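The shown structure was predicted, so the numbers you read here are calculated from the model rather than taken from an experiment. By convention in this document, chain letters (A, B, ...) are assigned in the order of the sequence lines, proteins followed by strands, and residues within each chain are numbered from 1.
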Amino acid sequence: MRPLLEMVQLSLAVPRGEDGFWSVIKALDATGRPWTANDVIRRTNVARRLVTGYLRKLRLGGFIELVDTQPAGRGSIPAAHVYKVVKKPVAAPRLKKDGTALPETAKEQLWRAMKMIRIFGAADLVEACPEIPLATARNYACSLAAAGVLSQNGHVFRLVNNLGHQAPKVLAAKLVFDPNSKKVIGKSVAREVQP
Amino acid sequence: MTEHVKVNRPAPLKNVSAFATLLELLVDRDPKLPGLAAFFGPSGWGKTESAIYGANRYRAAYVECGQFTSARSLLSDILKELGEPSPRGNIEAMKNQAILLMVGDPRRPLIIDEAHFIAHKKFVDLLRELSDKSGAPVVMIGEERLPMLLEAFERVHNRVLEWLPALPCDAEDFALLTVNRCGSVKLAPDLAAAILDKTKGNTRRIVINLAKAVQVAKLAGVTTVDLDTFGGANAINSTPRFTARKPL
């Protein structure tokens with residue numbers, strides 16, 4: 001199972017996704033100088049449009065502000081927008097295309113509810129978080145119980161390890177297993193399970 | 001056709017909507033107004049459970065106090081919830097960092113549960129400072145003596161924008177709880193009235209009784225439990241008739 005863990009570590013080391021972009025943006029802002037989309041792209045390794053798309057949403061949502069436009073340089077250096085951060089929440093803002101805020105994910109809501117009630121059944125969670133289906137709450141609680149974050153006694157769960165402000169993620173891995181040598185071969189990729 | 005009632009829909013209990021409204025009021029308040037609030041009521045009235053809906057709606061940070069909470073441990077918990085995984089430094093440094101994090105997102109409330117444990121200690125002023133300097137709302141949840149304890153600290157007390165007393169469970173809330181907790185099992189009106197009367201609207205005790213009613217229904221093989229099947233009025237888990245003697 002080692003390659004799987006390595007892959008998870010790797011994806012943590014290289015910032016990806018909106019969380020990753022936001023952490024890069026905060027680090028750039030901490031230097032005190034305005035920055036461009038290229039600065040963000042250079043620190044991550046994803047397609048350009050993913051970063052610029054997120055920057056656009058952030059600008060529409062009022063999290064970053066356009067302060068300047070660098071003129072196109074000599075040769076093939078294109079013009080670039082220079083930004084600065086206006087609002088700086090700790091967690092990456094989750095935004096729709098038009099910049100309005102998205103509600104928290106089901107897992108984030110469930111995790112907060114778990115921290116608040118401490119002793120609960122899946123039905124209690126659903127009662128506290130009305131938009132979440134019972135199956136989601138139960139699956140998430142069982143996954144956390146299997147990992148030792150909750151202790152399970154029949155249908156009742158108890159929070160035993162408060163891990164912190166971010167909700168634990170449930171990942172699923174795709175592995176290639178060779179029954180001849182009884183080994184997992186090749187690289188394995190872990191993805192977050194959709195709630 | 002009661003079987004088609006969705007048993008797991010939210011019970012919009014009065015406390016749930018009251019707390020969500022309180023957070024809305026605080027988040028959208030005039031920035032010149034103070035940002036503290038208190039939600040208080042006796043143990044077992046479902047304050048924390050009622051707070052979850054509002055907390056999720058406004059992505060609140062939630063911290064729970066205890067008997068031995070100190071300024072340092074409280075700040076450390078607050079920082080962890082605000083997103084600083086390993087808080088360090090002296091109290092002043094931690095406080096400044098907490099303010100910095102709260103300023104970054106002034107629409108995100110901070111909820112301090114079991115605040116009666118710290119309301120008589122001098123460092124309760126910390127909450128006032130966090131709210132004043134960051135502009136983010138801070139809501140204290142505690143038992144019924146919370147306002148009385150805070151009276152000793154005028155600086156904190158006069159910055160509380162809203163005092164919200166928790167409400168006991170009434171007949172309407174009770175019906176919602178029954179639908180949520182009992183599913184297809186029904187409670188006869190006499191049992192419902194007896195439980196509500198004997199528990200004096202204490203949500204935790206009501207829930208215990210509802211769970212017992214479901215058990216009784218299973219054992220007796222009935223779908224409607226009345227007071228006799230339940231075992232009479234004495235079988236109800238109820239508030240003590242006499243208040244406990246004060247410790248010397």
Item to complete: Show the numbers, then the answer: is there a salt bridge (charged side-chain N to carboxylate O under 4.0 Å, His left out) between Arg57(B) and Glu104(A)?
Response: CA-CA 8 Å; Arg57(B) 214 164 120 195; Glu104(A) 276 188 316; over 6 Å; no

Discussion item. Would you compute the distance between atom CG of Asn56(B) and atom CZ of Arg112(A) and round it to the nearest 0.5 angstrom?
Written reply: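 If we round to the nearest 0.5 Å, Asn56(B):CG and Arg112(A):CZ are 5.0 Å apart.
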
Discussion item. Salt bridge check, Glu108(A) against Arg59(B): does any charged N sit closer than 4.0 Å to a carboxylate O?
Written reply: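 No, Arg59(B) and Glu108(A) are not salt-bridged.
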
Item to complete: Inspect the contact between Arg181(B) and Asp124(A) and indicate whether a charged nitrogen and a carboxylate oxygen are less than 4.0 angstrom apart.
Response: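 Yes, charged N to carboxylate O under 4.0 Å.
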
Should the heavy atoms of other residues, nucleotides or ligands under 6.0 Å from [atom1] of [X] be counted, would the total exceed 12?
{"X": "Glu172(B)", "atom1": "CD", "result": "no"}
{"X": "Asn153(A)", "atom1": "CG", "result": "no"}
{"X": "Arg56(A)", "atom1": "CZ", "result": "no"}

Worksheet item: Can you list the residues that meet the side-chain hydrogen bond (donor to acceptor under 3.5 Å, both in side chains) rule with Glu18(A), with sequence neighbours excluded?
Response: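 Counting only residues at least two positions away or on another chain, Glu18(A) forms a side-chain hydrogen bond (donor to acceptor under 3.5 Å, both in side chains) with Lys57(A).
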
Fill in: Glu127(A) vs Leu177(B), side chain to side chain contact (heavy atoms under 4.5 Å, CB included): CA-CA, chis, key distance, verdict
CA-CA 10 Å; Glu127(A) 203 182 308; Leu177(B) 275 177; 4.2 Å; yes

Item to complete: Kindly indicate whether the side chain of Glu49(B), heavy atoms from C-beta on, has any atom under 4.5 Å from the side chain of Ile117(A).
Response: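 They are in side-chain contact.
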
Worksheet item: Would a 4.5 Å heavy-atom cut-off, applied to side chains only, mark Tyr53(B) and Cys129(A) as touching?
Response: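 Not in contact.
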
Practice prompt. Write down the atom of Ile52(B), the atom of Ala113(A), and the distance for their closest heavy-atom approach.
Written response: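 Heavy atoms of Ile52(B) and Ala113(A) come nearest at CG2-CB, 3.7 Å.
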
Worksheet item: What parts of residues 62-74 of chain B touch chain A if we use heavy atoms and a cut-off under 4.5 Å?
Response: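 Listed by number: Tyr62(B), Glu64(B).
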
Worksheet item: Which of residues 86-107 of chain B get closer than 4.5 angstrom to chain A, counting heavy atoms alone?
Response: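 Listed by number: Leu101(B), Gly104(B), Asp105(B).
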
Worksheet entry | Sorted by number, residues from residues 156-168 of chain A in contact with chain B (heavy atoms, under 4.5 Å) |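 Checking residues 156-168 of chain A against chain B gives Asn162(A), Gly164(A), His165(A).
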
